[in-house]
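All remarks here apply to the structure that follows.
Throughout, a chain's letter reflects where its sequence line sits, starting with A, and its residues are numbered from 1. Note that the structure is predicted; figures quoted are calculated from it, not measured.
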2 protein chains.
Amino acid sequence: MSGDDRERAVLASFERLVSERALHEISIDDIARGAGISRPTFYFYFASKEAVLLSLFERMLGEANARRGDALERIAEDPPARLREGFAAFFDVFRAHRPVTLAGAEARATSAEVEAVWGAVMETWVGEAATAIEAERARGAAPPGVPARDLAISLLLMNERVQHAALAGHAPAVAEDDVVGVLTTIWLRAIYGT
Amino acid sequence: MSGDDRERAVLASFERLVSERALHEISIDDIARGAGISRPTFYFYFASKEAVLLSLFERMLGEANARRGDALERIAEDPPARLREGFAAFFDVFRAHRPVTLAGAEARATSAEVEAVWGAVMETWVGEAATAIEAERARGAAPPGVPARDLAISLLLMNERVQHAALAGHAPAVAEDDVVGVLTTIWLRAIYGT
DNA sequence: CGATAGTATCAACAGGGTGTCGAGACGACG
DNA sequence: CGTCGTCTCGACACCCTGTTGATACTATCG
């Protein structure tokens, strides 16, 4: 068995465990044993639980960014349709990797590194959304109002939190199947008025 | 020194520590020593770190609920003013107790009890907001749309997340002084249309 | 075909955290 | 002056983390 196989085994063990219980209930020993190695050997491959999580997480983010396409850039074509399309792309990916998503949210609370990585990802989306809002305002489709960046930040943080509550099943939450519709409606009203 | 004094000392020690570093970096021994008692004695007063936090947290929630008054119920009088008034009341309290607020957010990720308590609080606000939205729709001030409850949940989760990002200073975030204004604008547009 | 260098592995250690138990100190009150 | 709550903590058992140092295995080259 090669080093790459071992590393994959660690990722697989982690993904299995995280689908069974919360991140803070999983020890490095659990992950290591699940991958058929000892705890010190785990440290040969990863620096921490969080490092394993980030590895899985980044793969997931790549998938999400690929799937979303350029919906936001083409928002002028048909705002409701493009918004819905983009949100559905993200939510489908997060839903497909629910355990990793929830573990990521948990890790963000205690790991500065996870927090920073997620913040950087959010930052790119905020930039794109703010640009799209400004373009819609420039062409007269959307009325002026609060700074586009502040609007983009607030709406994206809403998406994050609403999706998380729905996936975690923590009340109060919007039903999973209604998440995309509700978020789309609020974005449309917040950006375009009616 | 009486038992009540000791208990107060524990709360004070906790509040001081939590203003210096993150919750997960604080051990029960730290809290106990800061209160001038031993670790086992800590357990005589509280079952866990989270129990101390919840004690402080509930006091803070009482303050917030008192300060907010009945802004939401009187929303018909002047929606922008009432909304702004209510949001400012909450945000002021959270800002005045920033370390406790941030510790609460951190604890929610790992403690089912904290998560449940916060969920119950959110649930009461969701009920009030949904009722207010339905009343505005009934009197024709607000147009129909997505279910009032889903709208209320999403907007309140947005408020929670936006306020948290601002208080934690985790990018991307809205500047503290702009939070209330931005949130008010989005609520107005989401509920009333333009 | 042996020397050597990089890769991989883990027993054992050091350090820190949690929660509990049982023995005792202390004050109030019948 | 006993005795009963209240209060206190040393000591223990246990779990978790991250590192060290000894050891294997493997591949490549002179």
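- Rounded to whole Å, the distance from CZ on A:Phe42 to P on C:dA8 is 16 Å.
- Nearest to the side-chain atoms of B:Ser27 among the listed nucleotides C:dG17, D:dG18, D:dC9 stands C:dG17.
- Mapping A:Phe44 and A:Pro40 onto DNA chain C via the closest heavy atom, the residue that lands nearer the 5' end is A:Phe44.
- Under the 4.0 Å criterion applied to side-chain N and carboxylate O atoms, A:Lys49 and A:Glu25 are not assigned as salt-bridge partners.
- One interatomic measurement links the two molecules: OH of B:Tyr43 to P of C:dT20, which rounds to 7 Å at whole-angstrom precision.
- The side chain of A:Arg6 places an N or O atom within less than 4.0 Å of a non-bridging phosphate oxygen (OP1 or OP2) of C:dT9.
- In terms of phosphate contacts, B:Tyr45 brings a side-chain nitrogen or oxygen within less than 4.0 Å of OP1 or OP2 of D:dT8.
- Taking atom CD1 of A:Ile37 as the reference point, atom C1' of C:dT7 lies 14 Å away to the nearest angstrom.
- For the pair B:Asp29 CG and C:dG16 P, the interatomic distance rounds to 11 Å; values are reported in whole Å.
- Counting to the nearest Å, the C1' atom of C:dA8 and the CZ atom of A:Arg39 are 17 Å from each other.
- Using a 4.0 Å cut-off between a side-chain N of Lys or Arg and a carboxylate O of Asp or Glu, B:Glu160 and B:Arg108 qualify as a salt bridge.
- Taking atom CG on B:Asp5 and atom P on D:dC7, their separation rounds to 11 Å, with Å as the unit.
- Salt-bridge annotation for A:Asp177 and A:Arg95: present, with a side-chain N of the basic residue lying under 4.0 Å from a carboxylate O of the acidic one.
- Contact check on A:Asp70 versus A:Arg74 returns a salt bridge, with a Lys/Arg side-chain nitrogen under 4.0 Å from an Asp/Glu carboxylate oxygen.
- Residue B:Ser2 is the one, among B:Ser2 and A:Glu25, whose nearest nucleotide of DNA chain D lies closer to the 5' end (criterion: closest heavy atom).
- Spacing between atom CD of A:Glu50 and atom C1' of D:dT17 amounts to 12 Å, rounded to whole angstrom units.
- Within the 6.0 Å centre-distance limit, the rings of A:Trp118 and A:Phe57 are counted as a close aromatic pair.
- For A:Thr41, taking side-chain heavy atoms from C-beta onward, the closest of the listed nucleotides C:dT9, D:dG18, D:dC9 is C:dT9.
- In this structure, CD1 of A:Ile28 is placed 13 Å from C1' of D:dT19, rounded to the nearest angstrom.
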